[in-house]
Amino acid sequence: MFLIAQSLVAIATLLDLASFQFKSRSLILTCLFMSVLLTAVHFFMLGHNSAGCLMLIAAFRYFYCIYARKTWAMYAFMLLCCVAVYFTWQDWFSALALIATLIQTFASFQKHDLHMRLCMVVGTLFWISHNVFADSPVAIVMESLFLSSNLVGLYRFYSTKKIPC
């Protein structure tokens with residue numbers, strides 16, 4: 001079971017790496033939708049139900065954000081995440097997963113991809129911390145590569161350009 005879970009998150013890693021190399025916000029979100037769906041299954045297989053629920057909600061959030069970005073939906077996803085963690089609370093690091101998810105929910109609803117990418121950096125740091133405590137080595141690598149890919153994308157698209165306000 002552990003090896004299958006790690007294999008799923010390895011595939012998710014490839015999708016994460018691809019995601020931030022696209023300029024298109026919708027392509028980024030499509031890759032993230034597929035990635036977090038696989039990551040949710042990974043966490044459920046490892047018995048980390050809070051993280052699994054948060055990733056499942058994140059998958060639906062990314063899918064929604066491909067087509068729409070209503071502010072009320074952002075708050076609804078945030079509330080849903082809080083309720084999910086309330087009912088699936090396992091360890092203190094469930095809070096790390098919740099904080100990461102709330103930040104990345106906010107990121108998903110940002111109009112500019114730069115703002116989305118910057119918020120994702122912060123949320124990813126919380127996911128890396130969570131995965132260290134969850135003892136999931138491939139998930140740590142996945143989030144670290146996700147962070148690196150995001151930083152490379154930031155450099156490629158914004159190192160010489162004026163930053164939008």
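Owing to the predicted nature of the structure, the values given are computational and were not obtained by experimental measurement. Counting begins at 1 with the first residue of the sequence.
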Quick check: do Arg117 and Ile28 have side-chain heavy atoms less than 4.5 Å from each other? yes
Show me the side-chain donor-acceptor pairs of residues 71-82 shorter than 3.5 Å, one per line, residues at least two apart or across chains.
none

Linking I/L/V/M/F/W/Y whenever their side-chain heavy atoms sit closer than 4.5 Å, directly or via other members, would Val138 and Ile4 fall into one cluster? no
Should we say atom CZ of Phe93 is surrounded by more than 12 heavy atoms from elsewhere, each under 6.0 Å from it? yes
Report yes or no: do Phe109 and Leu27 belong to one cluster of Ile/Leu/Val/Met/Phe/Trp/Tyr joined by side chain heavy-atom distances under 4.5 Å? yes
Taking all atoms of both residues into account, what is the closest heavy-atom pair of Leu29 and Cys65, and its distance? CD1-O, 3.5 Å
When you compare the side chain of Leu8 with that of Met45, does any pair of heavy atoms fall below 4.5 Å? yes
Ser159 side chain to Arg156 main-chain N or O, any donor-acceptor pair under 3.5 Å? no
Could you tell me if the side chain of Leu114 sits less than 4.5 Å from the side chain of Leu154, heavy atoms only? yes
Measuring from Ile99:CD1 to Ser94:OG, what's the distance to the nearest 0.5 Å? 11.0 Å
Roughly how far apart are Asn49 CG and Leu56 CG, rounded to 0.5 Å? 11.5 Å
So do Leu38 and Val9 actually touch side chain to side chain, heavy atoms under 4.5 Å? no
Heavy-atom pair of closest approach, residues Val132 and Ile140: CA-CD1, 3.6 Å
Whether the side chain of Asn150 engages the backbone of Phe146 through a donor-acceptor N/O pair (distance < 3.5 Å, no angle test) should be reported. no
Rounded to the nearest 0.5 Å, how far does CE of Met55 lie from CZ of Phe44? 11.0 Å
Do the side chain of Gln90 and the main chain of Gly47 share a donor and acceptor less than 3.5 angstrom apart? yes
Say whether Leu151 and Tyr158 are linked into one hydrophobic cluster, either directly or through other cluster members, by side-chain heavy-atom distances under 4.5 angstrom. yes
Indicate the atoms forming the closest heavy-atom contact of Met116 with Ala107, along with that distance. CG-O, 3.3 Å
Close side-chain approach of Ile128 to Ser144, heavy-atom, < 4.5 Å: yes
Check: Ser50 side chain, Thr88 main-chain N or O, donor-acceptor pair, under 3.5 Å: yes
Applying salt bridge (charged side-chain N to carboxylate O under 4.0 Å, His left out) to Arg25 and not counting sequence neighbours gives none
Evaluate the ring planes of Trp127 and Phe43, with Trp represented by its six-membered ring, and classify them as parallel (under 30°), tilted (30 to 60°) or perpendicular (over 60°). parallel
Flag the pair Ile57 / Thr101 as yes when at least one side-chain heavy-atom distance between them is below 4.5 Å, and no otherwise. no
Any chain of hydrophobic side-chain contacts (each under 4.5 Å) joining Val121 to Val141? no
Considering residues, nucleotides and ligands other than Tyr86, do more than 12 of their heavy atoms fall under 6.0 Å from its OH? no
Hey, could you give me the CG/OG1 distance between Leu17 and Thr13, rounded to the nearest 0.5 Å? 6.5 Å
Taken to the nearest 0.5 Å, the spacing of Met142 CE from Thr39 OG1 works out to 4.0 Å
Give the C-alpha distance, both sets of side-chain angles, the deciding distance and a yes or no for side-chain contact (heavy atoms from CB on, under 4.5 Å) between Asp16 and Leu145. CA-CA 8 Å; Asp16 278 350; Leu145 291 173; over 6 Å; no
Please determine whether residues Phe126 and Met120 belong to a single hydrophobic cluster, defined as Ile, Leu, Val, Met, Phe, Trp and Tyr linked transitively by side-chain heavy-atom distances below 4.5 Å. no
So, taking the atom named CG in Leu14 and the one named OG in Ser149, what distance separates them when rounded to the nearest 0.5 Å? 11.0 Å
Pair Leu46, His42 - check side-chain contact (heavy atoms from CB on, under 4.5 Å), show working. CA-CA 6 Å; Leu46 294 179; His42 149 266; 3.3 Å; yes
Determine the minimum heavy-atom distance between Cys53 and Ala84, stating which atoms define it. CB-CB, 4.1 Å
Please determine whether the number of non-hydrogen atoms from other residues, nucleotides or ligands lying under 6.0 Å from atom CZ of Phe106 exceeds 12. no
Quick check against the 3.5 Å criterion: does Gln6 have a side-chain atom that pairs as donor or acceptor with the backbone of Ser136? no
Could you check whether any side-chain heavy atom of Leu98 comes within less than 4.5 Å of a side-chain heavy atom of Leu54, counting everything from C-beta outward? yes
For ring-ring contact (aromatic ring centres under 6.0 Å, His included), just list the numbers for Phe133 and His48, CA-CA rounded to whole Å, side-chain angles, deciding distance to a tenth of an Å, and then say yes or no. CA-CA 11 Å; Phe133 293 109; His48 296 289; over 10 Å; no
Between the side chain of Ser35 and the main-chain N/O of Leu32, is any donor-acceptor distance below 3.5 Å? no
Hey, does Gln104 have a side-chain heavy atom less than 4.5 Å from the side chain of Tyr62? yes
Should the ring pair Phe33 and Phe63 be called parallel, tilted or perpendicular, given that the plane angle runs from 0 to 90° and is split at 30 and 60? tilted
